[in-house]
Amino acid sequence: MKADSVSENQENEEKCPYCSGKHKNRDESEKKDLMNRLKRIEGQVRGVEGMLEKGVYCTDILIQVSAISSALNSFNKVLLGNHVKTCVAENIRSGNDEVIDELVTTLQKLMK
């Protein structure tokens, strides 16, 4: 049974060239919250597409795009908070201080 999940993970890694190859088992409430946020953002993006197709005025579209950016920032804050409370804390407790460098690099990328 383990071989199946290993090959499944390898298959997922091949399909995800920008992923680190690490995996996290999220509890259902965290996963549901994050998925709901993404679905709302996806709906907002589709709304902007519709606005563009209908020839809506530029500033109206820009305001909606700004709302999407805010929603993405909020998503990142929640995900980052969960990451620090779980992944980072667990790694530090187990003696893996390399996770601190990984966190710093991630924060630098987020702050571009």
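For this chain, numbers begin at 1 and follow the sequence in order.
Scanning both residues, Glu30 and Asn82, for their nearest heavy atoms gives OE2-ND2, 3.2 Å. Between Val48 and Ile68 the shortest heavy-atom distance is CG2-CD1, 3.7 Å. Counting all heavy atoms, side chain and backbone alike, Ala89 lies closest to Lys85 at CB-O, 3.5 Å.
Salt bridge Glu28/Lys32: absent, no basic N to carboxylate O contact under 4.0 Å.
Residues forming a side chain to side chain donor-acceptor pair (under 3.5 Å) with Asp27 (at least two apart in sequence, or on another chain): Ser29. The side chain to side chain donor-acceptor pair (under 3.5 Å) check on Asp33 picks up Arg37, with sequence neighbours excluded. Applying the side-chain contact (heavy atoms from CB on, under 4.5 Å) criterion to Glu49, with sequence neighbours excluded, gives Arg46. Judged as a side chain to side chain donor-acceptor pair (under 3.5 Å), and not counting sequence neighbours, the contacts of Lys24 are Thr86.
Transitive grouping of hydrophobic side chains (ILVMFWY, heavy atoms separated by less than 4.5 Å) keeps Phe75 and Leu110 in distinct clusters. Note on Val56: it clusters hydrophobically with Leu52, by side-chain heavy-atom contacts below 4.5 Å among ILVMFWY residues. Cluster annotation: Leu80 and Val88 are assigned to the same hydrophobic cluster (Ile/Leu/Val/Met/Phe/Trp/Tyr, side-chain heavy-atom contacts under 4.5 Å, transitive). Clustering ILVMFWY residues whenever any of their side-chain heavy atoms sit less than 4.5 angstrom apart, transitively, puts Val78 in a cluster other than the one holding Val84.
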Contacts under 3.5 angstrom, residues 96-107 side chains, donor-acceptor by atom type, not counting sequence neighbours:
unit_1: Asn96; atom_1: OD1; unit_2: Glu98; atom_2: N; d: 3.2
unit_1: Asn96; atom_1: ND2; unit_2: Asn91; atom_2: OD1; d: 2.9
unit_1: Glu102; atom_1: OE2; unit_2: Lys22; atom_2: NZ; d: 2.6
unit_1: Thr105; atom_1: OG1; unit_2: Asp101; atom_2: O; d: 3.0
unit_1: Thr106; atom_1: OG1; unit_2: Glu102; atom_2: O; d: 2.9

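Atom SG in Cys87 sits 7.0 Å away from atom CZ in Arg26 (nearest 0.5 Å). Distance check, rounded to the nearest 0.5 Å: CD1 of Ile41 to CG of Leu72 gives 4.0 Å.
When atom types are taken as modelled, the side chain of Ser66 and the backbone of Leu62 share no donor-acceptor pair closer than 3.5 angstrom.
Ile63 forms part of no hydrophobic cluster, judged by ILVMFWY side-chain heavy-atom separations under 4.5 Å.
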